Q: 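Got a structure for you, written out below as structure tokens; questions coming shortly.
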There are 2 protein chains.
Amino acid sequence: MPTARDVAKQAGVSTSTVSRVMNHDPRISPETRDRVVKCIEDTGYRVNQIARSLKTNRSYTIGFLCPELSNDFFMKIAEGIEMELGKYGYSMVVCSSNGTIQGEEERIRLLYEKCIDGLIVIPATNSGSHYQWIKDLRIPVVLADRLAEGFSADAVLVDNFNGTYLAIEDRIRQGERRIGYIGGDLALTNARERDDGYRKALESYSIQIDDSIIKYGDFHTESGYSKMKELMQQENPPGCVFIANRYMHVGATKYLIENTAPSEKAVSIVSFDDLELVSSLGFCKVVVRQPTLEIGITAAKLLYDRVNGEILPYPQIIRLKTELHKI
Amino acid sequence: MPTARDVAKQAGVSTSTVSRVMNHDPRISPETRDRVVKCIEDTGYRVNQIARSLKTNRSYTIGFLCPELSNDFFMKIAEGIEMELGKYGYSMVVCSSNGTIQGEEERIRLLYEKCIDGLIVIPATNSGSHYQWIKDLRIPVVLADRLAEGFSADAVLVDNFNGTYLAIEDRIRQGERRIGYIGGDLALTNARERDDGYRKALESYSIQIDDSIIKYGDFHTESGYSKMKELMQQENPPGCVFIANRYMHVGATKYLIENTAPSEKAVSIVSFDDLELVSSLGFCKVVVRQPTLEIGITAAKLLYDRVNGEILPYPQIIRLKTELHKI
DNA sequence: CTGTTAGCGCGTTCAC
DNA sequence: GTGAACGCGCTAACAG
């Protein structure tokens, strides 16, 4: 591991000169620069970012905290973040909170000790007061996908309400009157907004809300399966079901495949987010698509601006548009 | 951001004492410790890991480099790594190589500058000579899922050959004689091993290899679709097809759903890795399951041992068992 | 048991 | 245009 000193010695200059060359300081003679550059290449010298960070107080590292890693949706967001911040030489420490507040607290402390320049988090629960701690330490925080109660901060979300509203409206216009609902945990703001969109759409068309065809899962596959089962086993099942996210959509579809005679396909599905395959299966008629990669990119841009002291109104709540996609 | 000095001043001790308290140095009087601990809590002091790293030459950070982030398989591995190394206070910088050597080179340099203690990589291509650079700099490297040519290192893989062999054998015993194959890019060692397993199984049962029903995709959904299409549009399509990974399995299944009359289900599928849904669809009869999370955990353990100078034969090539799962 | 000293590798004055 | 000197926050070596 050659250091600046090694390069300096070999080039017959001081370490400050090496530092200047590394940082493209203009007031350095071409000859010296060339000589130093050559020695840098010869020795294979690379700045030690740790040492640099200590001096400059910037780590060029940001944290990404989400409830779980093996989740396509979260990781698509991560991908967007990496794409965007990678351009500026940032790297990303990825942490899983395991869906708990304790997990989040632990990870946040860890990230703070690592001197991250900023943090992007997908809240695991509806509670966000513990984020305040790191924010007070002057680390910019950007929420993604969901808001958190008790914590006001920059956030990048999608238009859950309108997306859902339009999807339901579309089904109503197709003549559907009895539309069931499989939602997510209402503690999560995105789940709540989708819920609101569903109810508001029915209300707008003077359709009575029927609580017996409204079920709440946890955004995971199994709950999609079991909730769809509950719906279908009623004496008067809905003719169409809205499902609030992709994983529950998979589970619900699984139930339908296993329990529907090939001829009927009585039930249709409307869903937030689709998955491969699902569209070929014939159950799903309409999908609300969200710009997942964009969520990451936008959050990264926002964080970048905050880290670099860009003057923006606070907080920035950015809503990205969803898109109604008919299959 | 309070520092050790602040705590020291407040507790009326020196910074080394604070440091000792932080590091649980036993030779420190209970009274002093208590006083210092109290001041630590009062000030909200946390070690600056950057400064610590500079001194100790350990960052307690490892790198995880993989071809893409929005990939369930890779991220399941990442999850395993985080679970295991998180126990020891490590965090993980996640980078995407975008499937290219240049991407890998870039990221590796970045990670080196960040002074990672070790690196786990899922090779993007069959070429691995560029990993040598960081290994020569005394950073332990562990490969996951695939090997890379021109680079000998620790690796955690699954038993691709046997897994495939047994799956094919099972089908042969079920009376299947004409078994097609949709493989991955043979540049990847895991794809090659699965290929060998397929061929060897046919050979063992004296079944002639028929190149017209052997196709190669790229492990992504679209290629699964198009290769299955090619197979099915032949005059004499296979009655059973082995598919070498989950994403191609999804694509292939998609083709079958869209092009198979509900009554027939003429073709059956055997696959490496299943996905939700796929098992309910009736096409897939046998799946070779790999312990994905375990790959990550095992790679992390191995890396941990290397980082901590554990004496182990070099290189360690660990093969995890796959499991034949009938649906 | 605890304080003093030195230095990790770099960037940044401030001289020259 | 370049070098010497200092300090970022911490830990390790040596005293006492």
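Quick caveat: nothing in here was measured; it's all calculated off a predicted structure. Below, read A as the first sequence line, B as the second, and so on, with proteins coming before strands; counting in each chain starts at 1.
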Q: Heavy atoms within less than 4.0 Å of DNA chain D: which residues of residues 21-40 of chain B have one? Give them sorted by number.
A: B/Asn23
Q: Between C/dG11 atom P and A/Arg52 atom CZ, what is the distance in whole Å?
A: 5 Å
Q: Going 5' to 3' along DNA chain D, which nucleotides are the first and last within contact of chain A (any atom under 4.0 Å from a heavy atom)?
A: D/dG1 to D/dG9
Q: Under 4.0 Å between a Lys/Arg side-chain N and an Asp/Glu carboxylate O for A/Asp25 and A/Arg27?
A: yes
Q: Taking B/Asp72 first and then B/Lys76, would you say they form a salt bridge - that is, a charged N and a carboxylate O separated by under 4.0 Å?
A: no
Q: Counting the atoms with a prime plus P, OP1 and OP2 as sugar-phosphate, which does A/Ser19 contact under 4.0 Å by heavy atoms, base, sugar-phosphate, or nothing?
A: base
Q: Could you tell me whether the side chain of A/Arg58 reaches within less than 4.5 Å of the side chain of A/Val307, counting heavy atoms only?
A: yes
Q: Ion pair present between A/Arg109 and A/Glu106, side-chain N to carboxylate O less than 4.0 angstrom?
A: no
Q: CZ of A/Arg20 versus C1' of C/dT12: gap in Å, rounded?
A: 8 Å
Q: A/Lys9 has an atom NZ; how far is it from atom C1' of C/dG9, in whole Å?
A: 13 Å
Q: Identify which nucleotide among C/dT4, C/dC10, C/dG3 has an atom closest to any side-chain atom of B/Ser16, counting heavy atoms from C-beta outward.
A: C/dT4
Q: Quick one: are B/Thr17 and B/Thr32 in side-chain contact, heavy atoms under 4.5 Å?
A: yes
Q: Do B/Gln49 and B/Arg52 have side chains that get closer than 4.5 Å, going by heavy atoms?
A: yes
Q: Evaluate the salt bridge (Lys or Arg N to Asp or Glu O under 4.0 Å) criterion for residues B/Arg192 and B/Glu149: first the C-alpha distance (whole Å), next the side-chain angles of each, then the deciding distance (0.1 Å), finally the verdict.
A: CA-CA 13 Å; B/Arg192 211 153 54 221; B/Glu149 266 163 38; 3.4 Å; yes
Q: Which whole-number value in Å describes the distance from B/Glu113 CD to C/dG9 P?
A: 15 Å
Q: Measure from CG on B/Leu54 to C1' on C/dG7 and round the result to the nearest Å.
A: 9 Å
Q: Return the value, rounded to whole Å, for the distance between atom CZ of A/Arg5 and atom P of C/dG9.
A: 7 Å
Q: Side-chain contact test, heavy atoms from C-beta onward, threshold under 4.5 Å: evaluate it for B/Thr61 versus B/Asp117 and give yes or no.
A: no
Q: For B/Gln49 and A/Lys55, take the nucleotide of DNA chain D holding the closest heavy atom to each; which residue's nucleotide lies nearer the 5' end?
A: A/Lys55
Q: Is B/Val13 touching bases, backbone alone, or none of the nucleic acid, heavy atoms closer than 4.0 Å?
A: sugar-phosphate
Q: Do other residues, nucleotides or ligands put more than 12 heavy atoms under 6.0 Å from the CZ atom of B/Arg319?
A: yes
Q: Taking for each residue the nucleotide of DNA chain C bearing the nearest heavy atom, is the 5' side occupied by B/Thr15 or by B/Asn57?
A: B/Thr15
